[in-house]
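Step one of this worksheet: look at the structure below.
Both counts, for ligands and for their atoms, begin at 1 and track the order of listing. Scope of the values below: all heavy atoms of this structure, side chains included, with no hydrogens, waters or symmetry mates.
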Amino acid sequence: MSVPFLSFSPQHDPIREEVLAAIANVYDKQWYVLGEQVKAFEAEYNTFNHVAHTIGVANGLDALHLALLALDVQPGDEVIVPSNTYIATWLAVSYVGGVPVPVEPDSHTYNLDPAKLEAAITPRTKGIMPVHLYGQACEMGPIMAVAKKHGLWVVEDNAQAQGAAWEGGLTGTFGNANGTSFYPGKNLGALGDAGAVTTNDATLDAKIRTLRNYGSQQKYYNEVIGQNSRLDELQAAVLRVKLQHLQDWTSQRQQIAAWYDSQLGGIADLVLPIVATGSTHVYHLYVVRTARRAALQQHLTEAGVGTLIHYPVPPHLQQAYAHLNIPAGTFPIAEEIADTALSLPMWPGMSEAQVEKVAVAVRSFFS
Ligand SMILES: *Cc1c(COP(=O)(O)O)cnc(C)c1O
């Protein structure tokens with residue numbers, strides 16, 4: 001039995017007829033962009049995420065970019081970002097001419113360390129972008145307190161953590177405006193690219209709705225220089241079906257993580273995920289760390305177990321950010337995570353036997 005890194009079958013097979021019927025419905029209605037499906041999905045996502053406004057957009061990167069545009073980020077404005085995030089968080093800042101200012105994560109949770117924020121704040125700092133990495137909610141209370149003290153906005157990158165919470169508040173509800181992604185492999189995935197902004201601010205909601213649609217509220221009347229970043233009716237129809245299962249899929253991810261935790265505990269050179277007090281984890285990824293990462297990955301490949309590395313190069317060491325001239329060694333925690341992290345198979349419907357197969361292969365490597 002081989003265990004792939006990700007299989008959609010247990011999620012998609014049982015809802016196949018329902019999804020195909022939803023697609024056929026859009027096909028027959030002959031209305032494909034910004035129609036009743038997007039409107040209904042936005043309302044249903046508001047209910048799921050306990051938020052006042054959801055704006056469906058083309059993808060997660062656009063969601064972050066549109067949030068920053070609506071917040072009027074200007075060239076040269078500094079924005080605090082995690083040193084260990086997926087590059088999309090940084091790219092959104094760069095798109096609006098802002099300067100990404102990296103801050104190191106907590107070395108146990110891999111999330112932005114609220115205690116390190118103030119040292120990075122300068123007179124040019126405008127905002128903070130916490131990323132709920134791998135599916136664990138950041139410590140949003142302390143982060144919001146720093147933001148409030150310094151008059152900064154907050155944009156959460158909630159691409160990996162739909163349904164996670166910090167002290168009962170759902171991710172995607174703390175920041176002024178927040179971006180999420182429905183890329184197929186995310187916890188709520190479309191059948192292609194899709195994303196959304198969530199906000200409790202009616203003014204930002206109106207701005208982002210206008211910006212995603214050519215800067216126009218009334219067709220052919222353009223108020224601002226907007227973009228074309230709309231959620232398709234087809235993707236919205238699919239997302240409406242899948243959203244009904246998200247809570248159940250999250251519980252399955254948490255069960256799989258618990259199985260891994262109990263089967264992989266006690267290995268000296270293997271660090272398991274650690275969940276902060278007050279945070280919940282929805283396990284978009286189950287990431288372990290070891291100094292012998294390359295050899296472990298090779299061993300697992302040979303045993304028929306799929307793994308991936310999230311992420312092998314931190315943004316400050318990417319060629320795209322060479323102009324920032326940040327030498328290796330500047331962000332040692334991010335660099336160590338990049339050198340040691342390995343994501344084990346994790347998908348709703350993965351069986352206990354499959355988890356055990358992975359665990360046996362991991363243990364055999366270390367014994
Ligand atoms: C996936 C992801 C994004 C970008 O989403 P896309 O829909 O692929 O544009 C942004 N941030 C993080 C942390 C992500 O994991």
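For Tyr283 and Tyr260, the distance between ring centers is not under 6.0 angstrom.
Under 4.0 Å is where a charged nitrogen must lie from a carboxylate oxygen, and between Glu104 and Lys116 no such pair does. Classification of Asp72 and Lys207 as a salt-bridged pair holds, one side-chain N sitting under 4.0 Å from a carboxylate O. A salt bridge links Glu44 with Arg240: the closest approach of a Lys/Arg side-chain nitrogen to an acidic carboxylate oxygen falls below 4.0 angstrom.
Remark: Tyr134 pairs with Tyr110 by the ring pair (Phe, Tyr, Trp, His ring centres under 6.0 Å) rule, at least two apart or across chains.
Across all non-hydrogen atoms, the minimal contact from Asn176 to Thr199 is O-OG1, 2.6 Å.
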Distance dump, ligand 1 polar atoms to protein, N/O, under 3.5 Å:
| unit_1 | atom_1 | unit_2 | atom_2 | d |
| --- | --- | --- | --- | --- |
| ligand 1 | 5 (O) | Ser181 | OG | 3.2 |
| ligand 1 | 7 (O) | Gly60 | N | 2.7 |
| ligand 1 | 7 (O) | Ser181 | OG | 2.7 |
| ligand 1 | 9 (O) | Gly60 | N | 3.2 |
| ligand 1 | 9 (O) | Leu61 | N | 2.9 |
| ligand 1 | 11 (N) | Asp157 | OD1 | 3.2 |
| ligand 1 | 11 (N) | Asp157 | OD2 | 2.7 |
| ligand 1 | 15 (O) | Gln160 | NE2 | 2.8 |
| ligand 1 | 15 (O) | Lys186 | NZ | 3.2 |

